[in-house]
Amino acid sequence: MAFDLQKLSLITQQGAGLGNHWRYESSADAIAAINTAAYMNDASDRLTVGDVITVFDSAGAVADLLVASNSGGVVDLTDGVVITATDSD
């Protein structure tokens, strides 16, 4: 599917060079599609290297992805770290 810029929201703005924290929710795409290079190109004017994006995907998975590069309007994200919740008691 396609990136939806309206579903990307800034959670915390840290300032220049410190990395911002974003939230992105997709009802159509899995994390494996979202972390593909060029998926978030429409946000290239907002995202900077080192920003963290907490992603909620179409299957209900949650992951923190980092902006690895943003050059010439092409945004590349890391594979991310999947966040799991376990209640073993």
Side-chain angles (χ1 to χ4, degrees):
M1 295 301 291
F3 172 66
D4 185 348
L5 186 59
Q6 293 185 12
K7 293 186 178 183
L8 179 69
S9 56
L10 182 62
I11 297 173
T12 307
Q13 187 171 7
Q14 299 295 329
L18 298 176
N20 296 317
H21 188 187
W22 300 84
R23 173 192 170 101
Y24 181 68
E25 190 169 337
S26 175
S27 59
D29 295 325
I31 290 170
I34 295 167
N35 68 22
T36 302
Y39 181 88
M40 290 196 176
N41 284 356
D42 288 346
S44 65
D45 61 335
R46 300 175 189 199
L47 299 173
T48 58
V49 173
D51 283 1
V52 176
I53 305 168
T54 300
V55 173
F56 299 81
D57 79 357
S58 59
V62 180
D64 279 340
L65 312 178
L66 296 174
V67 177
S69 65
N70 182 353
S71 179
V74 178
V75 176
D76 189 18
L77 305 175
T78 63
D79 292 341
V81 176
V82 175
I83 300 168
T84 60
T86 304
D87 183 8
S88 59
D89 58 336

message: Please evaluate residues Thr48 and Asn70 with respect to the criterion side-chain contact (heavy atoms from CB on, under 4.5 Å), reporting the C-alpha separation (whole Å), side-chain torsions for both, the decisive distance (0.1 Å), and the verdict.
response: CA-CA 6 Å; Thr48 58; Asn70 182 353; 5.8 Å; no
If you compare all heavy atoms of [X] against all heavy atoms of [Y], which two are closest, and at what distance to 0.1 Å?
X: Thr78; Y: Ala68; answer: CG2-CB, 4.1 Å
X: His21; Y: Leu10; answer: O-CD1, 3.6 Å
X: Ala61; Y: Ile31; answer: CB-CD1, 3.8 Å
X: Leu65; Y: Ile34; answer: CD1-CG2, 4.1 Å
X: Lys7; Y: Ser27; answer: NZ-OG, 3.5 Å
X: Leu5; Y: Ala43; answer: CD1-CB, 3.8 Å

message: Measuring only between side-chain heavy atoms, which start at C-beta, is Thr54 closer than 4.5 Å to Val62?
response: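 In contact.
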- request: Please examine the side chains of Val82 and Thr84, heavy atoms only from C-beta on, and report whether any two atoms are closer than 4.5 Å.
  value: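 SC-SC contact between Thr84 and Val82 confirmed.
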Supply the atom-to-atom distance [X] [atom1] to [Y] [atom2], rounded to the nearest 0.5 angstrom.
X: Phe3; Y: Asp42; atom1: CZ; atom2: CG; value: 6.5 Å
X: Ile53; Y: Asn20; atom1: CD1; atom2: CG; value: 10.0 Å
X: Leu47; Y: Leu77; atom1: CG; atom2: CG; value: 7.5 Å

query: If we ignore angles and hydrogens, is there a donor and acceptor under 3.5 Å between the side chains of Asn41 and Ser44?
result: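 Distance-only check fails for Asn41 and Ser44.
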task: Go through the steps to decide whether Ile83 and Asp64 satisfy the test side-chain contact (heavy atoms from CB on, under 4.5 Å), and finish with yes or no.
output: CA-CA 7 Å; Ile83 300 168; Asp64 279 340; 3.8 Å; yes
message: With clusters defined by side-chain heavy atoms of hydrophobic residues (ILVMFWY) lying less than 4.5 Å apart, directly or transitively, does Val52 cluster with Tyr24?
response: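 No, Tyr24 and Val52 fall in different hydrophobic clusters.
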field: Side-chain donor or acceptor of Asn35 paired with backbone N/O of Asp79 under 3.5 Å
entry: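 Pair found, side chain donor or acceptor close to backbone of Asp79.
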query: Under the 3.5 angstrom rule, does the side chain of Ser26 hit a backbone N or O of Ala28 as a donor-acceptor pair?
result: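 Answer holds: yes.
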- prompt: Between Val55 and Trp22, does a side-chain contact (heavy atoms from CB on, under 4.5 Å) hold up when you go through it step by step?
  reply: CA-CA 8 Å; Val55 173; Trp22 300 84; over 6 Å; no
message: Can you pull out every salt bridge (charged side-chain N to carboxylate O under 4.0 Å, His left out) where at least one residue sits in residues 23-39? Sequence neighbours excluded, please.
response: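 Pairs touching residues 23-39 that pass the test: Arg23-Glu25.
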